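Since this is a predicted model, take the numbers as computed values, not measurements. Throughout, protein chains are lettered first and strands after them, A, B, ... in sequence-line order, and every chain is numbered starting at 1.
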Amino acid sequence: MSKASLSRRLLAWYDRHGRKTLPWKRKRDAYRIWVSEIMLQQTQVTTVIPYFERFIARFPNVQSLAQAKLDEVLHLWTGLGYYARARNLHQAAQRIVREHAGKFPRGFEAVTDLPGVGRSTAGAILALAFDQRHPILDGNVKRVLARYHAIDTPVNKRATEESLWQLAEKHTPRSRIADYTQAIMDLGATVCARAKPQCTGCPLRTDCRGHRSGTPQDFPVRAAKQKTPVKATHMLMIRDARGRVLLARRPPAGLWGGLWGFPECADGNVRQWCRKTLGLNICTESPWPMLRHSFSHFHLDITPIPARLVGGTDRAMENAETVWYNVRRPDRRGLSAPVKRLLEQLMSIEETN
DNA sequence: AACTCGGGGAT
DNA sequence: ATCCCAGAGTT
């Protein structure tokens, strides 16, 4: 047994080696901490930073976010993934303005009641913003605790996760909660990294059972998952006489919910599908090379098919759900990563014309 | 308790 | 190519 508690050693390490210059730590503002915590769900810090900077520059406070159009919020989320986070963030901002007079709530129940905020994110926000004592259990904490206690049951199982919550609660100190919360995440992100943990520099190594086992990298244990299936789709890049391309808004929920994308069809007669479904006559050109887009649960093989509109533009195709998009002048819409990439390729073709 | 939901960095 | 990341919501 070590003399000092885990939290005490962790805080001493944090005072020397913690990350204190992250953009959302420039000042202790619940709004900024909330936005950062949502962006950081299942997303690495280095990926989030430029998105966070742009988002805060455009929406510096909860009022500006609440008043924004969803299309613009999704636009600033384009490429970040998990777009339900953006929809929930927008809706939660409106509820904070309406139900909490524009002030971020300080009660745990009120915070978890906000869409997109669960047990761990609520704990992190309240700990980091208001120094309230709540445990968190994100990927970093799971890894640190699973190694420290050499937990050999899968962490992605219910029972293990519940015991990890108990350990997280037990280790959370009575004071300096904000620093401790940042400290255990920083340790997990740097010293106690997923690969090649640097145990030499770890303040917990004296009584870490994972380190004692000799193979700390074997923790945490995860249940094997089945291999990801492959799906296929065709994205129709229909261009009119002016070089504009047809985009349609996807359904508000589900995959890429609320984002704008190309009409998609399965394999078959593309021209016939287009006439029956969209009421448009087109002539297709030779397909572009297939591109694979990988999700956590399946791969999507995308075949981009450029096509020309035959005949005039149908007035019915200009409405709230469809638009003839000018690739030379991108506007503020949410786009999935592959659609954004294809639009940029279309634009570079326009440039050479 | 198991699925669904993105994209990218690291390996 | 796989793994996993400051997880939450739905079924």
Side-chain angles (χ1 to χ4, degrees), chain A residues 19 22-25 33-52 74 77-89 91-92 111-129 134-144 146 154-162 164-165 168 178 181-190 192-196 217 220-230 250-251 253-259 261 291-300 334-341:
Chain A
R19 299 178 295 184
L22 295 169
W24 41 89
K25 296 189 77 67
I33 291 170
W34 167 48
V35 171
S36 74
E37 286 300 325
I38 300 301
M39 286 188 169
L40 286 161
Q41 288 170 357
Q42 300 293 290
T43 312
Q44 294 184 171
V45 167
T46 54
T47 303
V48 163
I49 287 174
Y51 285 86
F52 178 82
L74 289 172
W77 216 270
T78 290
L80 196 55
Y82 283 120
Y83 299 93
R85 295 184 295 174
R87 300 195 300 268
N88 287 332
L89 195 70
Q91 185 187 342
V111 175
T112 52
D113 198 44
L114 296 170
V117 181
R119 184 176 175 183
S120 186
T121 299
I125 296 170
L126 291 174
L128 294 170
H134 299 286
I136 67 167
L137 192 62
D138 62 5
N140 290 310
V141 178
K142 281 181 184 172
R143 183 169 52 256
V144 170
V155 295
N156 52 338
K157 291 295 183 184
R158 183 73 162 156
T160 306
E161 187 160 317
E162 197 45 52
L164 283 169
W165 270 110
T181 302
Q182 189 64 47
I184 194 165
M185 290 191 288
D186 286 358
L187 188 81
T190 57
C192 198
R194 179 168 64 90
K196 298 180 185 175
Q217 68 276 12
V221 174
R222 287 181 187 279
K225 59 170 186 176
Q226 69 245 18
K227 60 178 179 181
T228 57
V230 179
R250 299 176 60 85
L255 191 66
W256 291 331
L259 303 187
L291 55 105
R292 168 165 290 192
H293 187 80
S294 292
F295 299 85
S296 50
H297 49 307
F298 67 94
H299 300 286
L300 183 63
L335 306 168
S336 66
V339 168
K340 185 185 183 188
R341 206 149 42 231

Sugar-phosphate only, base, or nothing, as touched by [X] at under 4.0 Å among non-hydrogen atoms:
X        : answer
A:Gln226 : nothing
A:Leu80  : base
A:Ala124 : nothing
A:Leu114 : sugar-phosphate
A:Val45  : base
A:Ser120 : sugar-phosphate

Any donor-acceptor N/O pair, [X] side chain to [Y] backbone, under 3.5 Å:
X        : Y        : result
A:Thr112 : A:Arg119 : no
A:Thr160 : A:Pro154 : yes
A:Gln41  : A:Gly116 : yes
A:Thr228 : A:His299 : no
A:Arg19  : A:Thr190 : no
A:Asp138 : A:Ser120 : no

Same-atom distance (P) from C:dA6 to B:dT4, integer angstrom: 24 Å
Nearest-Å distance once atom P is located in both B:dG6 and C:dT11: 15 Å
Calculate the interatomic distance between [X] atom [atom1] and [N] atom [atom2]; express it in whole Å.
X        : N     : atom1 : atom2 : result
A:Leu255 : C:dG9 : CG    : P     : 19 Å
A:Phe52  : C:dA6 : CZ    : C1'   : 13 Å
A:Leu300 : B:dC5 : CG    : C1'   : 14 Å
A:His299 : B:dC5 : NE2   : P     : 16 Å
A:Gln42  : C:dC4 : CD    : P     : 11 Å
A:Leu259 : B:dG6 : CG    : C1'   : 10 Å
A:Ile136 : C:dC5 : CD1   : P     : 13 Å
A:Phe295 : B:dG8 : CZ    : C1'   : 13 Å

Counting only side-chain nitrogens and oxygens, does [X] get under 4.0 Å of the OP1 or OP2 atom of [N]?
X        : N     : result
A:Gln41  : C:dA6 : no
A:Arg194 : C:dC4 : no
A:Arg222 : C:dC5 : yes
A:Lys142 : C:dA6 : no
A:Arg87  : B:dC5 : no
A:His297 : B:dC5 : yes
A:Trp77  : B:dG6 : no
A:His293 : B:dG7 : yes
A:Tyr83  : B:dG7 : yes

Along DNA chain C (nearest heavy atom to each residue), the more 5'-positioned of A:Thr228 and A:Asn140: A:Thr228
Which residue lies more 5' along DNA chain C, comparing A:Ser294 with A:Lys25 via nearest heavy atoms: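 It is A:Ser294, whose closest nucleotide lies nearer the 5' terminus.
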Atom of A:Ser296, atom of A:Lys225 and distance for their closest heavy-atom approach: O-NZ, 3.8 Å
Under 3.5 Å donor-acceptor pair, A:Arg19 side-chain atoms to C:dA6 base atoms: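 Pair found.
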Any N/O donor-acceptor pair, A:Thr43 side-chain to B:dG6 base, under 3.5 Å: yes
Between [options], spot the one nearest the side chain of [X], thanks.
X        : options              : result
A:Gln182 : B:dG8, C:dA6, B:dA2  : C:dA6
A:Leu22  : C:dA8, B:dG8, C:dA6  : C:dA6
A:Trp24  : C:dA6, C:dG9, B:dG6  : C:dA6
A:Thr46  : C:dA6, B:dG9, B:dT11 : B:dG9
A:Thr121 : C:dG7, C:dA6, C:dC5  : C:dG7
A:Trp256 : B:dG6, C:dA6, C:dA1  : B:dG6

Earlier contact from the 5' end, DNA chain B, for A:Phe298 and A:Lys196: A:Phe298
Toward the 5' end of DNA chain B, by each residue's nearest nucleotide, A:Leu335 or A:Lys157: A:Lys157
Stepwise side chain to side chain contact (heavy atoms under 4.5 Å, CB included) check, A:Trp256 with A:Val339: CA-CA 11 Å; A:Trp256 291 331; A:Val339 168; 5.7 Å; no
